[in-house]
> 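One structure follows; several queries about it will come next.
All of these numbers come straight from a predicted model, not from anything done at the bench.
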Amino acid sequence: MTVRLLGGEQTAQLEAQLKAVFAEAFVEPPYGEGPAETERAFRRFRSQVRRRGFRAAIAFDGEDVVGMAYGYPLSANTSRWDTLTHNVPDELRHEDGNRTFGLFELAVRPGWRRLGAATLMHRALVDGLDQARMMLNTRPEAVAAQAAYLSWGYRRVGSAIPWEGAARHDVMILDLTGTSDPVR
């Protein structure tokens with residue numbers, strides 16, 4: 001397995017394979033995502049790959065994609081913090097267009113889990129970032145994902161309903177400025 005760090009244009013060329021990873025990874029509990037959710041995710045993907053600062057860490061077995069992690073810096077006027085279910089301090093919510101890198105997807109095909117793919121992709125994605133922190137949303141009942149995020153140094157800062165009709169997600173932050181960060 002190899003992990004490649006890619007920009008938006010290169011990542012867009014892998015859409016069909018990334019879609020297959022998403023479909024396989026998120027059909028399982030606790031997600032239960034089907035074809036409609038996969039299509040919705042990849043409508044977002046097509047605009048995400050064009051965002052300033054987009055980067056992806058893609059895991060390959062030969063030329064086959066087995067995992068993906070991607071995101072981009074949150075804009076100064078992001079609405080990501082508006083989806084929280086309770087108030088948090090303004091200092092936590094403050095964005096300036098470069099403070100926070102949003103991790104929007106991290107998925108590994110079932111047959112490739114527990115082999116270190118997620119850790120390698122996350123490490124590649126984080127390495128060299130200029131942002132002070134990384135933010136992600138994750139389902140609280142996704143026990144393995146939660147354990148990985150906590151082991152990488154993330155901390156939970158709140159709960160969110162990221163879109164209408166979505167399940168509750170935990171909002172997690174990873175400080176990228178500290179020297180004790182286990183993924184740096």
> Take Arg99 and Glu91 through the test salt bridge (charged side-chain N to carboxylate O under 4.0 Å, His left out) and record every step on the way to the result.
CA-CA 11 Å; Arg99 180 182 189 198; Glu91 169 52 29; 3.0 Å; yes
> In terms of hydrophobic clustering (I, L, V, M, F, W, Y; side-chain heavy atoms under 4.5 Å; direct or indirect links), are Leu14 and Val3 co-clustered?
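No, Leu14 and Val3 fall in different hydrophobic clusters.
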> Show me the pairs that pass salt bridge (Lys or Arg N to Asp or Glu O under 4.0 Å) and involve residues 161-174, at least two apart or across chains.
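As it turns out, the salt bridge (Lys or Arg N to Asp or Glu O under 4.0 Å) pairs with a partner in residues 161-174, which skip direct neighbours, are Arg156-Asp170, Arg168-Asp170.
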> Between atom CG of Leu6 and atom CE of Met68, what is the distance when rounded to the nearest 0.5 Å?
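So the CG of Leu6 and the CE of Met68 are separated by 13.0 Å.
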> Closest heavy-atom contact between Ala76 and Asp96?
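Scanning both residues, the minimum pair turns out to be CB-C, 3.8 Å.
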> Using 30° and 60° as the class limits, which term best fits the ring planes of Trp163 and His169: parallel, tilted or perpendicular?
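If you compare the ring of Trp163 with that of His169, the planes turn out tilted.
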> Would you name the heavy atoms of Leu5 and Ala124 that are closest together and state the gap between them?
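The answer is CD1-O, 3.8 Å.
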> Measure from the side-chain N and O atoms of Arg93 to the backbone N and O of Trp81, and report whether any donor-acceptor pair falls under 3.5 Å.
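Answer holds: yes.
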> Is it the case that one hydrophobic cluster holds both Tyr154 and Leu74, taking links as side-chain heavy atoms less than 4.5 Å apart, direct or via other members?
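No, it is not one cluster - the side chains of Tyr154 and Leu74 are not joined through contacts under 4.5 Å.
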> What distance do Leu18 atom CG and Ile58 atom CD1 have between them, rounded to the nearest 0.5 Å?
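Reported value, rounded in 0.5 Å steps: 5.0 Å.
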> Between Tyr70 and Phe45, is the ring centre distance below 6.0 Å?
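Ring centres of Phe45 and Tyr70 closer than 6.0 Å.
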> Under a 4.0 Å N-O cut-off, is there an ion pair linking Arg109 with Asp64?
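No, Arg109 and Asp64 are not salt-bridged.
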> Can you get from Phe60 to Met1 by hopping between Ile, Leu, Val, Met, Phe, Trp and Tyr side chains that sit under 4.5 Å apart?
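In one cluster: no.
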> Please check if the number of heavy atoms outside Asn87 that lie under 6.0 Å from its CG is greater than 12.
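It does not: Asn87 CG has 12 such atoms or fewer within range.
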> Nearest 0.5 Å, please: how far is NE2 in His122 from CG in Leu136?
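Here the rounded value is 7.0 Å.
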> More than 12 foreign heavy atoms under 6.0 Å from CZ of Arg52: is that the case here?
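Yes, CZ of Arg52 has more than 12 neighbouring heavy atoms, counting only those of other groups under 6.0 Å.
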> Would a distance-only check, ignoring hydrogens and angles, find a side-chain to backbone donor-acceptor pair under 3.5 Å from Thr119 to Gly116?
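Not a single qualifying donor-acceptor pair exists.
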> Compare all side-chain heavy atoms of Thr11 with those of Arg55 and state whether any distance is below 4.5 angstrom.
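Thr11 does not reach Arg55 side chain to side chain.
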> So, Ser75 side chain and Thr78 main chain: donor-acceptor pair closer than 3.5 Å or not?
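Yes, Ser75 side chain to Thr78 backbone: donor-acceptor pair under 3.5 Å.
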> Which label fits Tyr149 and Trp152: parallel for a plane angle under 30°, tilted from 30 to 60°, or perpendicular past 60°?
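Taking Trp152 first and then Tyr149, their aromatic rings stand perpendicular (interplane angle over 60°).
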> Could you pull out the closest heavy-atom pair between Ala142 and Tyr31, with the gap in Å?
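Looks like CB-OH, 3.1 Å.
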> If you look at every heavy atom in Val126 and Met134, which pair is closest and at what distance?
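Distance-wise, the nearest heavy atoms are CG2-SD, 3.6 Å.
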> Check Glu28 with Arg139, please: is the shortest side-chain N to carboxylate O separation under 4.0 Å?
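Salt bridge: no.
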> I'd like to check Val66 versus Val21 (side-chain heavy atoms, cut-off strictly below 4.5 Å). Are they in contact?
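The answer is no; the side chains never approach within 4.5 Å.
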> Stepwise, does the salt bridge (charged side-chain N to carboxylate O under 4.0 Å, His left out) test hold for Glu63 with Arg4?
CA-CA 11 Å; Glu63 291 303 310; Arg4 297 182 207 154; 3.3 Å; yes
> Would a distance-only check, ignoring hydrogens and angles, find a side-chain to backbone donor-acceptor pair under 3.5 Å from Arg51 to Ser47?
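A pair under 3.5 Å: no.
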> Is it true that Ile161 and Val171 fall in one hydrophobic cluster, defined by side-chain heavy atoms closer than 4.5 Å?
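Cluster IDs for Ile161 and Val171 differ.
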> Treating Arg155 as the side-chain partner and Met172 as the backbone partner, does any N or O pair qualify as donor plus acceptor under 3.5 Å?
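It does not hold such a pair.
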> Can you name the nearest heavy-atom pair linking Pro140 to Gln146, along with the distance?
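Taking every non-hydrogen atom into account, CA-NE2, 3.4 Å.
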> What is the minimum heavy-atom distance between Glu37 and Phe22, and which atoms define it?
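Smallest heavy-atom distance, with atoms named: O-CE2, 4.1 Å.
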> Should the pair Lys19-Glu39 be classified as a salt bridge under the 4.0 Å nitrogen-to-oxygen rule?
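Yes, this pair counts.
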> Check whether any side-chain heavy atom of Leu125 lies under 4.5 Å from a side-chain heavy atom of Leu103, and answer yes or no.
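Yes, at least one pair of side-chain atoms sits under 4.5 Å.
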> Could you check Arg43 against Gln48 for side chain to side chain contact (heavy atoms under 4.5 Å, CB included), going step by step and ending with a plain yes or no?
CA-CA 9 Å; Arg43 279 193 300 275; Gln48 289 171 326; over 6 Å; no
> How long is the straight-line distance from CG of Asp127 back to CG of Leu176, given to the nearest 0.5 Å?
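Reported to 0.5 Å precision, the distance equals 10.5 Å.
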> Does Glu33 reach the main-chain N or O of Val27 with its side chain, forming a donor-acceptor pair under 3.5 Å?
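No, the answer is negative, given that no donor and acceptor are paired below the 3.5 Å cut-off.
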> So, do Met135 and Leu174 sit near enough that their side-chain heavy atoms are less than 4.5 Å apart?
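Not in contact.
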> Tell me yes or no: between the side chains of Glu95 and Thr100, is some donor less than 3.5 Å from an acceptor?
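Note: Glu95 and Thr100 side chains meet the donor-acceptor criterion.
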> With the 4.5 Å side-chain cut-off for hydrophobic clustering, are Phe104 and Phe42 part of the same group?
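Yes, because Phe104 and Phe42 connect within a single hydrophobic cluster, where side-chain heavy atoms sit under 4.5 Å apart.
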